[in-house]
Number of protein chains: 4
Amino acid sequence: MTLSTQPSDRALARRQQVLDAAAECFRRRGFHAASMAEIAKTAGMSPGHIYNLFENKDDIIAAIVERDCEEVLQRIAAFRQEGALLQQMLGGIEQAIDDRSQVADAALQLEVMAEASRNAKLAAVVHRTEALVNEQAQALIRQSLGEQAASQLPPEEIEGRALMLGALFNGLTAMSVRHAGMAQRVPAIAPVMRRMLQVLLAP
Amino acid sequence: MTLSTQPSDRALARRQQVLDAAAECFRRRGFHAASMAEIAKTAGMSPGHIYNLFENKDDIIAAIVERDCEEVLQRIAAFRQEGALLQQMLGGIEQAIDDRSQVADAALQLEVMAEASRNAKLAAVVHRTEALVNEQAQALIRQSLGEQAASQLPPEEIEGRALMLGALFNGLTAMSVRHAGMAQRVPAIAPVMRRMLQVLLAP
Amino acid sequence: MTLSTQPSDRALARRQQVLDAAAECFRRRGFHAASMAEIAKTAGMSPGHIYNLFENKDDIIAAIVERDCEEVLQRIAAFRQEGALLQQMLGGIEQAIDDRSQVADAALQLEVMAEASRNAKLAAVVHRTEALVNEQAQALIRQSLGEQAASQLPPEEIEGRALMLGALFNGLTAMSVRHAGMAQRVPAIAPVMRRMLQVLLAP
Amino acid sequence: MTLSTQPSDRALARRQQVLDAAAECFRRRGFHAASMAEIAKTAGMSPGHIYNLFENKDDIIAAIVERDCEEVLQRIAAFRQEGALLQQMLGGIEQAIDDRSQVADAALQLEVMAEASRNAKLAAVVHRTEALVNEQAQALIRQSLGEQAASQLPPEEIEGRALMLGALFNGLTAMSVRHAGMAQRVPAIAPVMRRMLQVLLAP
DNA sequence: GATGAATGAGCCTTCATTCAT
DNA sequence: AATGAATGAAGGCTCATTCAT
């Protein structure tokens, strides 16, 4: 049994090591094909020791998802602070699409979702993550509309826009795997994407 | 080695049996957790015999993807024959979103994409499939615009729209797994989705 | 998942092979120290195949206990058919004690009991086994007393005797491990044992 | 290597802590299933430090057996001092049987014996223990017979009785695990047990 | 075509033990 | 004296795949 006493600083650092290693291995081979032995080797520690830091393999992937979530939230927060959201977003679209097109990252994300649909514990993490992100997306939309105009719309409208915003980005992730050479299609996509964002972010 | 002389009618039927069984098992347990033994049992044949019909487990999933592709193409074709595409689509949105929200199907699709990113053979199938679907999507868009108006637009515009159409649907698939209780959010999503489709299908 | 369809004759024979091998390994190393790999090798088959025949390692030991039980019951049955039970028993005591003094067998028996106290499934088998043996012991005692005299005694008396008969034999098993050179003490024990059996089997 | 210079008082107390903890864990989970980590936690010290006090896990169990032995010897000694042994014993039978029926204790005892049959070091401890207990049992029997009458009997007779006395008690231990609900059968057993003790302790 | 017994590599996980501090 | 991080060997078990029949 792994105890759940306060993890020491050292343990925290070791956990990060494992998460980095695991993310790399998962990206390289997929969740199921990446062995604990490989992860351990990549992390520069023994397989046994990983189990002092994590409950089991599933626990590692859950921790990765949670860490990624925090990163996303921070990115959204930073983004919201800059103001002039729509302009910003329309301008940054190429970059955003590019980011979504890193196939290995995309694959890991897709796999996590697939896994979540059959693993209750992971599902909980994913849903919690998504709830946070969605909340931020709604705030972003409200901010972009102007709080005044936003308060005039029914909450369902905001919610629907946020969900579609999520679908749009997740859809790009999926397409980057589905569509051969997606990265080269960014110029074709960007203008269309721009118009779609306007539908979601403007009044 | 399995020879690939003319597959008999009987063999073709047996293959379908296996594909049906495998699809069911994959949906139930995921690709990696479904065992050949379980598939064989579900298909009502011996594990050994499956290897007379398919090269290996990967080969089965590739075949499933190909079969699904044909189905999708037929659905698009039927859809295009009905005319008044935009109206039709706007009307059928609730159903379409619902369809995308069958979590088990969604999970399998996501898993296939994840798998494809690391399995060249499967990637080839997925890419070929996507190419066909994208081609149909472009035709659909052109038809919806009216061939006249369509021919005025640069091909890149049509292509971008088709890709975003793909992203939209794949994004809904992903969201149905990511977002707890997505099925209940359809009323919130539908109107937003409607506007986005107009962006893609109308001039 | 192992299916529980009718086991074929072949499978039955293979099971016996495994049971023989496992009993040997367990006797040699103990239940926990005997590895499935070693059992497989001893049985002349692959580790994987054992799992087509048995659910898991625990299942093997349960099957061994059950097989041993049947053997004991047959021995008791044969014994009861000979008649003149007390005389027979008193005469065969040296042999019986000797049998109980095979240290390796004794150790396995003790370990099974210890294991049973923490493994519900094994406990069930052991208890069922013991119930059958106890029943035969009671019949043996009644037969030895003569059915007439037996029917005069309260059932509790018969039951108590049967339990003590069991304790006596199991106690010898334990002593054969506890007491260094127990096998050589048979001449010292036999006469005492004889008197104790008379207490249990005579009126 | 651990040196064995004069163990300090402190070390002795720490050893007792470990033995208490280990006995508890062994009773709860069995010798093999109890981990050093669990023992350390129960003892309120680090796993590493246990190895300053004991050679290894086997060493702990040996020490437990030795400590238990001393306890048993003290109990016998106290018992012998009371006089009127047979009466005392016959009176205390229910209690004695009850004591033997604590399944967890019984299981540990059985496991120790099983282990001893394959572990020379533990065997030595068990045999030494048994030798001491047997010696006391013989003294008890002689005392019960009256030293006069006892000296008339051949030493083998006394020895045989002592061994059977041991078998009887160990047999009850075994039965408490083998026989479901043994604790409730005490009333049925006690009178029979009484007669058997008379055979062993009376002339 | 078809079976299903059989293989064996490989996986996740546990745990006694060590050792730097 | 004491910690607890770290090791790494080994174990039970699964499963894609093969092959004799």
Side-chain angles (χ1 to χ4, degrees), chain A residues 1-3 5 7-8 10-11 13-14 32-41 44-60, chain B residues 1-2 8 10-11 14 32-41 44-60, chain C residues 1-3 5 7-8 10-11 13-14 32-41 44-60, chain D residues 1-2 8 10-11 14 32-41 44-60:
Chain A
M1 234 120 283
T2 331
L3 355 176
T5 43
S8 70
R10 170 139 189 100
R14 294 298 251 160
H32 290 99
S35 74
M36 290 299 283
E38 188 188 359
I39 294 171
K41 190 178 239 180
M45 76 183 66
S46 68
H49 192 43
I50 294 188
Y51 288 85
N52 292 334
L53 305 169
F54 294 89
E55 199 100 11
N56 53 34
K57 204 180 173 185
D58 283 0
D59 198 26
I60 296 178
Chain B
M1 295 296 110
T2 332
S8 71
R10 174 141 185 81
R14 295 298 253 162
H32 289 98
S35 73
M36 290 298 280
E38 190 187 358
I39 294 170
K41 195 177 187 179
M45 81 183 61
S46 71
H49 192 45
I50 293 187
Y51 286 83
N52 291 334
L53 305 169
F54 294 88
E55 197 99 9
N56 54 32
K57 202 178 171 184
D58 283 358
D59 198 24
I60 295 177
Chain C
M1 233 120 283
T2 333
L3 356 175
T5 44
S8 69
R10 170 138 188 104
R14 293 300 251 161
H32 289 100
S35 74
M36 290 299 284
E38 189 187 359
I39 294 170
K41 191 178 237 181
M45 76 183 66
S46 70
H49 193 42
I50 294 188
Y51 288 85
N52 292 335
L53 305 168
F54 294 89
E55 199 98 10
N56 54 33
K57 204 180 172 185
D58 282 1
D59 198 27
I60 296 179
Chain D
M1 292 299 107
T2 332
S8 73
R10 173 140 185 82
R14 293 297 253 162
H32 290 98
S35 73
M36 290 297 282
E38 189 188 359
I39 294 171
K41 195 177 189 180
M45 82 184 59
S46 71
H49 192 44
I50 293 188
Y51 286 84
N52 292 333
L53 305 168
F54 294 88
E55 198 96 11
N56 54 32
K57 202 179 172 186
D58 283 359
D59 199 25
I60 296 178

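Reminder, nothing fancy here: chain letters follow the sequence lines and each chain counts from 1.
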Which of these nucleotides, [options], is closest to any side-chain atom of [X]?
{"X": "N52(C)", "options": "dT3(F), dA6(E), dT14(F)", "value": "dA6(E)"}
{"X": "S35(B)", "options": "dC15(F), dA16(E), dA5(F)", "value": "dC15(F)"}
{"X": "P47(C)", "options": "dA6(F), dG8(E), dA6(E)", "value": "dG8(E)"}
{"X": "Y51(A)", "options": "dT14(E), dG12(F), dG1(E)", "value": "dT14(E)"}

Euclidean distance, atom [atom1] of residue [X] to atom [atom2] of [N] [Å, nearest integer]:
{"X": "M45(B)", "N": "dG4(E)", "atom1": "CE", "atom2": "P", "value": "12 Å"}
{"X": "E38(B)", "N": "dA16(F)", "atom1": "CD", "atom2": "C1'", "value": "14 Å"}
{"X": "F54(B)", "N": "dT17(F)", "atom1": "CZ", "atom2": "P", "value": "13 Å"}
{"X": "K41(B)", "N": "dA2(E)", "atom1": "NZ", "atom2": "C1'", "value": "18 Å"}
{"X": "I60(D)", "N": "dC15(E)", "atom1": "CD1", "atom2": "C1'", "value": "13 Å"}
{"X": "N56(C)", "N": "dC13(F)", "atom1": "CG", "atom2": "P", "value": "5 Å"}
{"X": "D59(D)", "N": "dT17(E)", "atom1": "CG", "atom2": "P", "value": "10 Å"}
{"X": "K57(A)", "N": "dT13(E)", "atom1": "NZ", "atom2": "P", "value": "8 Å"}

Counting only Watson-Crick pairs (N1-N3 plus N6-O4 or O6-N4) and G-U wobbles (N1-O2, O6-N3), all under 3.5 Å, who is the partner of dA6(E)?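 dT17(F) - that is the nucleotide pairing with dA6(E), both distances being under 3.5 Å.
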Partner nucleotide of dG11(F) by Watson-Crick or wobble geometry (both distances under 3.5 Å):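 Here dG11(F) is engaged in a pair, and the nucleotide opposite it is dC12(E).
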Would you mind reporting whether N52(A) and R14(A) have side-chain heavy atoms less than 4.5 Å apart?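 In short, these two side chains do not touch, never coming nearer than 4.5 Å.
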Heavy-atom distance under 4.5 Å between the side chains of I50(C) and L53(C), does that happen here?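 Not in contact.
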Which residue, H49(C) or S46(A), contacts DNA chain F at a nucleotide closer to its 5' end, judged by nearest heavy atom?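 Nearer the 5' end of the strand: S46(A).
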Does R14(B) have a side-chain nitrogen or oxygen under 4.0 Å from the phosphate oxygens OP1 or OP2 of dA2(E)?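 Answer is yes, contact under 4.0 Å.
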At less than 4.0 Å, is any side-chain N or O atom of R10(A) found next to OP1 or OP2 of dG4(F)? Yes or no.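 Checking dG4(F) against R10(A), no side-chain N or O comes under 4.0 Å of OP1 or OP2.
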Counting any heavy atom closer than 4.0 Å, what does [X] reach on the DNA or RNA strands: base, sugar-phosphate only, or nothing?
{"X": "M36(C)", "result": "sugar-phosphate"}
{"X": "A34(A)", "result": "sugar-phosphate"}
{"X": "A11(B)", "result": "sugar-phosphate"}

Over all heavy atoms of both residues, which pair between [X] and [Y] is shortest? Give the atoms and the distance, please.
{"X": "K57(A)", "Y": "H32(A)", "result": "NZ-O, 3.6 Å"}
{"X": "N56(A)", "Y": "Y51(A)", "result": "CA-CE2, 3.9 Å"}
{"X": "A40(A)", "Y": "S46(A)", "result": "CB-C, 3.8 Å"}

Which residue lies more 5' along DNA chain E, comparing G48(A) with I50(C) via nearest heavy atoms: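 Result of the comparison: I50(C).
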